[in-house]
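See below for the structure under consideration.
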Amino acid sequence: GTPFHYQRVIDALSLAFADREAYLCDADWEYVPWRDLLDKNYAKERSLVMNLTHAVMNFPPGNPDGSSQPDLTTSEEGKHTTSFSILDKYGNFLVCTSTLQEE
């Protein structure tokens with residue numbers, strides 16, 4: 001692992017987190033272009049945003065399908081945390097809470 005290699009990994013993760021922040025939501029209530037987000041051509045397009053000579057501090061989210069990004073700021077509960085719970089017939093219980101980073 002060279003510094004160059006680590007910077008590429010950090011940049012790739014930063015790109016992914018920028019898209020996650022823009023598109024992570026309940027797909028029953030908001031449109032999520034998940035097929036486009038997973039498309040290899042979209043990933044290649046996003047990689048072109050990376051700068052090979054210096055680190056980029058804040059990557060903007062991408063626009064995978066050309067539509068507008070979901071506006072999650074109108075939710076009464078806020079846009080950063082979601083939680084769900086599942087209980088099955090065997091008594092197994094799962095609670096999942098996801099909180100997005102704030103800038």
Side-chain angles (χ1 to χ4, degrees):
T2 66
F4 180 81
H5 167 81
Y6 289 122
Q7 189 59 52
R8 298 295 67 81
V9 171
I10 292 167
D11 285 351
L13 288 169
S14 295
L15 283 168
F17 277 105
D19 283 351
R20 182 191 80 158
E21 185 174 0
Y23 294 103
L24 180 65
C25 63
D26 185 343
D28 287 341
W29 298 97
E30 296 286 343
Y31 170 69
V32 179
W34 62 270
R35 283 190 178 96
D36 298 302
L37 287 164
L38 297 174
D39 186 87
K40 290 182 181 183
N41 290 325
Y42 176 69
K44 187 174 184 176
E45 175 187 313
R46 289 293 280 153
S47 72
L48 298 175
V49 178
M50 295 191 302
N51 188 312
L52 299 180
T53 60
H54 67 275
V56 177
M57 297 310 291
N58 291 307
F59 287 105
N63 195 358
D65 65 351
S67 68
S68 62
Q69 296 169 0
D71 178 11
L72 305 178
T73 60
T74 58
S75 170
E76 291 179 18
E77 296 180 17
K79 67 176 187 171
H80 299 292
T81 301
T82 186
S83 180
F84 65 88
S85 303
I86 300 171
L87 175 65
D88 70 14
K89 65 181 181 180
Y90 305 107
N92 297 309
F93 189 74
L94 169 75
V95 176
C96 180
T97 302
S98 176
T99 301
L100 301 181
Q101 73 275 9
E102 293 192 36
E103 294 183 32

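Any value given below was found using the heavy atoms of this structure, including those in side chains, with hydrogens, waters and symmetry copies removed.
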Quick check: is Phe4 connected to Val9 through a chain of hydrophobic side chains (ILVMFWY, heavy atoms under 4.5 Å apart)? no
Between Asn41 and Glu45: side-chain donor-acceptor atoms closer than 3.5 Å: no
Between Tyr23 and Asp36, do the side chains contain a donor N or O and an acceptor N or O under 3.5 Å apart? no
Closest non-hydrogen atom pair, Ser14 against Phe59: CB-CD1, 3.5 Å
Main-chain N/O of Arg35 paired with Tyr42 side-chain donor or acceptor, under 3.5 Å: no
Here the pair of heavy atoms bringing Val95 nearest to Ser85 is CG2-OG, 3.7 Å
Can you tell me how far CG of Asp39 sits from CZ of Arg46, rounded to the nearest 0.5 angstrom? 13.5 Å
Decide side-chain contact (heavy atoms from CB on, under 4.5 Å) for Val49 and Val56; before the verdict, give the C-alpha distance in whole Å, the side-chain angles of both, and the deciding distance to 0.1 Å. CA-CA 9 Å; Val49 178; Val56 177; 5.9 Å; no
Would you say Leu13 ends up clustered with Leu15 if hydrophobic residues are merged whenever their side chains have heavy atoms under 4.5 Å apart, either directly or through other cluster members? no
Can you name the closest pair of heavy atoms from Pro33 and Pro64 and give their distance? CG-CG, 3.6 Å
Just verifying a value: how many Å separate Thr53 OG1 and Gln7 CD, rounded to the nearest 0.5 Å? 10.5 Å
Would you indicate whether Phe93, at its atom CZ, is surrounded by more than 12 heavy atoms from other residues, nucleotides or ligands within a distance under 6.0 Å? yes
When you look at Arg8 and Leu52, which way does the side-chain contact (heavy atoms from CB on, under 4.5 Å) test go after all the steps? CA-CA 8 Å; Arg8 298 295 67 81; Leu52 299 180; 3.7 Å; yes
